[in-house]
Amino acid sequence: MTAKATRYLYLARHGEATADESELTENGRRQAQLLGDRLRDVPLAAVHHGPLPRAAQTARLIGDRLKEVPVRQVETAGDYVPYVPGKEELPADAAERLLAFLEQFTAQEREEGAALAREAEERFTGPVDGTEDRHELVVTHNFLVGWLVRAALDAPPWRWLGLNHCNAALSVIRYTPGRAASVLFYNDMSHLPEDLRWTGFPPEARLGPVRRIMP
């Protein structure tokens, strides 16, 4: 039997992008650098990123803060719709709104997205072969983060919808042999100052700092 070890999958959405999404804003560049600083002491084997400029630039800026970690472009880390549910799968009170959102994607985009999502799960999830634990970072987009977190929680396929990730926030999933996948944390922004948090979220969904109330 082939030995298996634990995989730690680090997921990050790209930094804040310009309106035309051709590059990062100054805030986005700073977000990426701060995320790189946070990951500096993590024994990453690789940084994977999607092909779009905002993800590629984020990954390069993170890589510049790391210690000789290879940075690789992979199509499976791109921006695509991983799954389109039927109306019967969705909660009745949300079905119409969710399906209206998904109508913007063509049949070809839906088919290609589903294939890429399957490839992403095969490539990035589950325990790894060998005896050494592996740590990997995937710099990607909101949809894929939601899809992989959903899969780790064994939630219904449609549930990637509504799982939103801020720019340069961090999620980590652990895949240990013989155990269920574990989401160690999700959408964590503790490496970002308050003025760089919550970008990528609509204003009504943003939260201010959570302060502990002393008795």
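A salt bridge links K4 with D129: the closest approach of a Lys/Arg side-chain nitrogen to an acidic carboxylate oxygen falls below 4.0 angstrom. Contact check on E194 versus R197 returns no salt bridge, with no Lys/Arg side-chain nitrogen under 4.0 Å from an Asp/Glu carboxylate oxygen. In this structure, D195 does not pair ionically with R30, as no charged nitrogen and carboxylate oxygen lie closer than 4.0 Å.
Rounding to the nearest 0.5 Å gives a distance of 11.0 Å between CG of D37 and CG of D64. Taking CG from L163 and CZ from F143, the interatomic distance works out to 11.5 Å, rounded to the nearest 0.5 Å. From L9, atom CG reaches atom CG of L137 across 8.5 Å, with rounding to the nearest 0.5 Å. Note that the CZ atom of R29 and the CZ atom of R60 stand 11.5 Å from one another [nearest 0.5 Å].
The backbone N or O of L184 lies less than 3.5 Å from no partner atom in the side chain of R174, so there is not a single donor-acceptor pair. Between the side chain of N187 and the main chain of C166, a donor-acceptor pair closer than 3.5 Å is present. The backbone N or O of D133 sits nowhere less than 3.5 Å from a side-chain atom of T6 that would complete a donor-acceptor pair. In terms of modelled atom types and a separation under 3.5 Å, the side chain of R65 and the main chain of L35 share no donor-acceptor contact. Judged by distance alone, the side chain of R54 and the main-chain N or O of H14 form no donor-acceptor pair under 3.5 Å.
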Quiz item: Can you list the steps and then say if F105 with V84 is a side chain to side chain contact (heavy atoms under 4.5 Å, CB included)?
Solution: CA-CA 10 Å; F105 302 101; V84 177; over 6 Å; no
Quiz item: Going through the checks in order, is the side chain to side chain contact (heavy atoms under 4.5 Å, CB included) test met by L52 and H141?
Solution: CA-CA 10 Å; L52 294 179; H141 303 265; 3.9 Å; yes
Practice problem: Apply side chain to side chain contact (heavy atoms under 4.5 Å, CB included) to I173 and T125, showing your working. | Solution: CA-CA 9 Å; I173 305 172; T125 71; over 6 Å; no
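For residues 151-170, the side-chain hydrogen bond (donor to acceptor under 3.5 Å, both in side chains) pairs, not counting sequence neighbours, are N142-N164, H165-S171, N167-T199.
Side-chain atoms of T25 and E16 form a donor-acceptor pair, as typed in the model, at a separation below 3.5 Å. For the residue pair D188 and S190, a side-chain donor N or O sits within less than 3.5 Å of a side-chain acceptor on the partner.
A 6.0 Å sphere centred on CD of E109 holds more than 12 heavy atoms belonging to other residues, nucleotides or ligands. Within 6.0 Å of the CD atom in Q108, the count of heavy atoms belonging to other residues, nucleotides or ligands does not exceed 12.
Listed here is the closest heavy atom pair of A120 and Y80: CB-OH, 3.6 Å. Residues W198 and L207 approach most closely at NE1-O, 2.6 Å, considering heavy atoms.
Evaluated for a side chain to side chain contact (heavy atoms under 4.5 Å, CB included) with L34, the options L39, I62, L196 yield exactly one hit, L196. When each of R110, R150, E89 is checked for a side chain to side chain contact (heavy atoms under 4.5 Å, CB included) with Y83, only E89 meets the rule.
Applying the salt bridge (Lys or Arg N to Asp or Glu O under 4.0 Å) test to E96 and every residue at least two apart in sequence or in another chain returns K87.
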